[in-house]
A.B. asks: 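A single structure is presented below for examination.
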Amino acid sequence: MTESITGAELLARSIATEGVRLVTTVPTPRLQPLLDAFRKIGAVQLVEARNETAAAGIADGYIRCSRRRAAVLTDGYGRALSQMSGVTNAWADKIPLISLALCDNREPDHNKGVDRYRFDQGAAFRAVTRHRIRLVHPEGIPAAIKKAARDTAGGRMGPAHIEIPAGLLNRTIPYREGLLPPSDAFPDRPLEPARLAGNSASIEKAVSLLREARRPLIFCGAGVKASSAVKEVLGLIEKQQIPAAMTMAGMGAIPVSHPLSLGGPSYAAGEVFHVAIKKADLVLALGTSFGGLEGFGLPPLWSKKICFIHVDLDPLQLGLNVLPEVSIRGDIKTVVSRLRQSLKKDGFAGKPEWEPWRRLLSNLKDGRKKRLEKNAHLKTENIHQGLLCHQVSQIITGEDEAVMVIDGGNTPLYAAMYAPDIRPDQVIFPFGMAALGSGLAYAIGAQLASPKKRVIVFTGDGSFLYNIQELETIRRLELPITILINNDGAWNMIRAMQDMFYARNFVGTDITGVDHLQITAGFGIRAERVNRIEAVPAAYRRARDHRGPAVIDCITDKVNTPDSLISFALVEFQGVLKYFSPLLFLKSMWLMRDGGIKRMLYLVSYITRALLQINPGARRKKA
């Protein structure tokens, strides 16, 4: 080791020492000393993105697929703030992303002056990070990075933001023994959740409530996947014969086809999910914060009489939206194992009186599946999104090493409604916050983390345009990512609501006339367009055999609407409910008849069965 060391060298080596294996960046002259330091040690892969927003998403996608650390590094000021949407989504989904950004050498003036370079950059990240620090002196760098890594990967996973005064990179200090580990000591540090066992008294109370329940439901969130608890949760479901649902973020936590599964995640399961959350008397919630995509766990969609048992590793999630009867702060895998042990003590394996409850939900699930199949085969001018999702499902389930990244508005809803049986590690659905258009970035990260796997992006046409510049990154890195575009020529989540609730007062939703093939060709990437469902499998095979990046532009029907959007609109788009007019809604339904009476009846059926919960015969049918 030399007699002196620069701040840049200290920072690069400290980051590598904490197990960071990927750093994404958009290079600038001020960053050059640090980039050179990373290249010198060779333990960290540097990936250049085309903008800072995508750089954060790439690092996040890498973490999700590899369970290894990654960091995003940008210059300061506006470039640092461009990380915000990526960092915010990592915060919402509890991803331990390390955000690094240069800042002014002078202390922030907290907006008391007029020097725009001295604004409090770190304050902007305060609400969406678990840990924040501004480096001051080179000697403090190793300890600061170590603390950031520790604080963001413990019981409360989430991102850290580290501000680096630009002048610190070139400052030199004498090297002393013990300042850093040897140059070859960059250990692999897989990310593992803290295996907190949970409070014993709370677990026993939860067991007592489960035994007394009349209509229990298990609700699986992303925390089940993060904890690698799928096997344990399925064991609990099967042994106790308790029906189970998934959140949107928990997609893949339990097989859709499992007899005790409600089907697709959240609203996508249609009437079975709505009946379950209205009729259940007890819900065991595992690793979920009850976000808007699940109706917040609150009325009017959820019953106010439900007794909740809430298990989560993050104490801030407990009681955030629902008030649980029992809160258990603990690791899902460990707590569920303890619940199973306690239930096993006296041989408890569910109750005979739960059978009608299971039969009701099973019958509703079967009816939902038949209605979706019937709707997907309606005659349409272009490809029906339901049939397209069937083809995507066959692609994913037909390739054991495939990973699907879902992006868009209606596209994720369709994917969830027609969801295939996928493993937890086969899907990335970054829908915590601010994720629209992040599909390309997450796919790049997923492919870098899993070079032997086939990464497939299923995205809407609007969301595809958000980070389209990253096609250059995909081509430059020669990543064999296949991108399937659900191209209906509209911001169709918004357009569909204008269609359903506002009598076709379409405002700002048309994006026809965009030639994705010409755009893609400009990046040097193979692309083709299909407008018949029969052509999709062959198009995918050609993309796969190409062994490089490829785009398949699937022309889909603009008038189709995912029925579960109605539930989503009523909860997430608060203005829809606030300004809801029954007369305008009826007029909207009437106007829909020119798109086909069957299409109109399909949406009316969802309202009747899911929201009004009129399901004649569902209790009497045999499961």
A.B. asks: Using side-chain heavy atoms (C-beta onward) and a distance below 4.5 Å, is Glu163 in contact with Ile133?
C.D. replies: no
A.B. asks: Looking only at non-hydrogen atoms, find the nearest pair between Gly7 and Ile141 and report the distance.
C.D. replies: O-CD1, 3.7 Å
A.B. asks: Does the distance from a Lys or Arg side-chain N to an Asp or Glu carboxylate O, for Arg134 and Asp120, drop under 4.0 Å?
C.D. replies: no
A.B. asks: Any chance you could lay out the side chain to side chain contact (heavy atoms under 4.5 Å, CB included) test for Leu102 and Leu169, step after step, and finish with the verdict?
C.D. replies: CA-CA 10 Å; Leu102 298 187; Leu169 298 181; 3.9 Å; yes
A.B. asks: Hey, are Arg195 and Ser227 close enough side-chain-wise for a donor-acceptor pair under 3.5 Å?
C.D. replies: yes
A.B. asks: Quick test of your reading of the model: are Arg30 and Asp75 salt-bridged, counting only N-O distances below 4.0 Å?
C.D. replies: yes
A.B. asks: Taking C-beta and beyond as the side chain, do Ser450 and Cys65 meet within less than 4.5 Å on heavy atoms?
C.D. replies: yes
A.B. asks: With a 6.0 Å cut-off on ring centres, are Phe290 and Phe219 close enough?
C.D. replies: yes
A.B. asks: Is the Phe119 ring parallel, tilted or perpendicular to the Tyr77 ring (thresholds 30°, 60°)?
C.D. replies: tilted
A.B. asks: Roughly how far, to the nearest 0.5 Å, is the OG1 atom of Thr247 from the CD atom of Glu294?
C.D. replies: 5.0 Å
A.B. asks: Please tell me if the side chains of Val26 and Thr28 come closer than 4.5 Å, counting only heavy atoms from C-beta onward.
C.D. replies: no
A.B. asks: Report the C-alpha separation of Arg132 and Thr129 in whole Å, then their side-chain angles, then the decisive distance to 0.1 Å, and conclude whether the side chain to side chain donor-acceptor pair (under 3.5 Å) test is met.
C.D. replies: CA-CA 7 Å; Arg132 294 157 303 283; Thr129 50; 2.9 Å; yes
A.B. asks: Between Asp104 and Arg106, does any NZ, NE, NH1 or NH2 come within less than 4.0 Å of an OD or OE carboxylate oxygen?
C.D. replies: yes
A.B. asks: Rounded to the nearest 0.5 Å, what separation is found between the CZ atom of Arg79 and the CG atom of Asn51?
C.D. replies: 10.0 Å
A.B. asks: What heavy-atom pair brings Ala415 and Ile406 nearest, and what distance separates the two atoms?
C.D. replies: CB-CD1, 4.1 Å
A.B. asks: Would you compute the distance between atom OG of Ser289 and atom CD of Gln317 and round it to the nearest 0.5 angstrom?
C.D. replies: 4.5 Å
A.B. asks: For a 4.5 angstrom cut-off between non-hydrogen side-chain atoms, does Ile519 reach Val514?
C.D. replies: yes
A.B. asks: Taking all non-hydrogen atoms of both residues into account, name the closest pair between His310 and Leu318 and its distance.
C.D. replies: O-CD2, 3.5 Å
A.B. asks: I need the Leu73 CG to Leu35 CG distance, nearest 0.5 Å.
C.D. replies: 6.0 Å
A.B. asks: Could Arg542 and Glu528 be called an ion pair, given the rule that one side-chain N must be under 4.0 Å from one carboxylate O?
C.D. replies: yes
A.B. asks: Going through the distances and angles, do Ser200 and Arg338 end up as a side chain to side chain donor-acceptor pair (under 3.5 Å)?
C.D. replies: CA-CA 9 Å; Ser200 296; Arg338 294 189 65 190; 2.7 Å; yes
A.B. asks: Would you check, one step at a time, whether the test ring-ring contact (aromatic ring centres under 6.0 Å, His included) holds for Tyr62 with Tyr442?
C.D. replies: CA-CA 7 Å; Tyr62 179 90; Tyr442 281 93; over 10 Å; no
A.B. asks: Side chains of Arg329 and Ser202: do they bring a donor and an acceptor to under 3.5 Å?
C.D. replies: no
A.B. asks: Assess whether a salt bridge exists between Glu478 and Arg476, defined as any Lys/Arg side-chain N lying under 4.0 Å from an Asp/Glu carboxylate O.
C.D. replies: no
A.B. asks: Are Asp425 and Lys225 within salt-bridge range, i.e. N to O under 4.0 Å?
C.D. replies: no
A.B. asks: Assess the side chains of Thr6 and Arg171: does a donor N or O sit below 3.5 Å from an acceptor N or O?
C.D. replies: no
A.B. asks: Would you say Gln83 and Ser99 are linked by a side-chain donor-acceptor pair, where the criterion is simply a distance under 3.5 Å?
C.D. replies: yes
A.B. asks: Please assess Ile456 against Ile395 for the test side chain to side chain contact (heavy atoms under 4.5 Å, CB included), listing each intermediate value before the final yes or no.
C.D. replies: CA-CA 9 Å; Ile456 299 163; Ile395 290 169; 3.5 Å; yes
A.B. asks: For residues Ile98 and Ile15, determine if any side-chain heavy atom of one lies less than 4.5 Å from a side-chain heavy atom of the other.
C.D. replies: no
A.B. asks: Are Tyr540 and Asp545 linked by a side-chain donor-acceptor pair shorter than 3.5 Å?
C.D. replies: no
A.B. asks: Does a salt bridge link Glu470 with Arg50, judged by any charged N lying under 4.0 Å from a carboxylate O?
C.D. replies: no
A.B. asks: Taking all heavy atoms of Leu10 and all of Pro138, pick out the closest pair and write down the distance.
C.D. replies: CD1-O, 3.2 Å
A.B. asks: Inspect the contact between Asp36 and Arg39 and indicate whether a charged nitrogen and a carboxylate oxygen are less than 4.0 angstrom apart.
C.D. replies: yes
A.B. asks: First locate atom CD1 of Ile552, then atom CZ of Phe458, and finally report the distance between them rounded to the nearest 0.5 Å.
C.D. replies: 11.0 Å
A.B. asks: Any idea how Phe125 and His161 line up, ring-wise: parallel (<30°), tilted (30 to 60°), or perpendicular (>60°)?
C.D. replies: parallel
A.B. asks: Indicate yes or no: at least one non-hydrogen side-chain atom of Leu313 is less than 4.5 angstrom from one of Pro193.
C.D. replies: yes
A.B. asks: Evaluate Arg130 against Asp314 for salt bridge (Lys or Arg N to Asp or Glu O under 4.0 Å), listing each step before the verdict.
C.D. replies: CA-CA 11 Å; Arg130 299 295 195 201; Asp314 185 350; 2.6 Å; yes
A.B. asks: Within a strict 4.5 Å, meaning less than it, do heavy atoms of the Asp421 and Pro255 side chains meet?
C.D. replies: yes
A.B. asks: Do Asp151 and Met157 have side chains that approach each other closer than 4.5 Å (heavy atoms only, starting at C-beta)?
C.D. replies: no
A.B. asks: If you compare all heavy atoms of Ile58 against all heavy atoms of Ala49, which two are closest, and at what distance to 0.1 Å?
C.D. replies: CD1-CB, 3.9 Å
A.B. asks: Can you tell me how far the CG atom of Asp60 sits from the OG1 atom of Thr24, to the nearest 0.5 Å?
C.D. replies: 10.0 Å
A.B. asks: Yes or no on side chain to side chain contact (heavy atoms under 4.5 Å, CB included) for Arg64 and Ile95, after CA distance, side-chain angles and deciding distance?
C.D. replies: CA-CA 8 Å; Arg64 292 173 192 251; Ile95 304 298; 3.8 Å; yes
A.B. asks: Please assess Ile328 against Asn199 for the test side chain to side chain contact (heavy atoms under 4.5 Å, CB included), listing each intermediate value before the final yes or no.
C.D. replies: CA-CA 7 Å; Ile328 304 175; Asn199 179 270; 5.7 Å; no
A.B. asks: Give a yes or no on whether a salt bridge exists between Glu401 and Lys452, defined as a side-chain N under 4.0 angstrom from a carboxylate O.
C.D. replies: no
A.B. asks: Specify the closest pair of heavy atoms between Met248 and Ser266, including all atoms of both residues, with the distance to one decimal.
C.D. replies: CG-CB, 3.9 Å
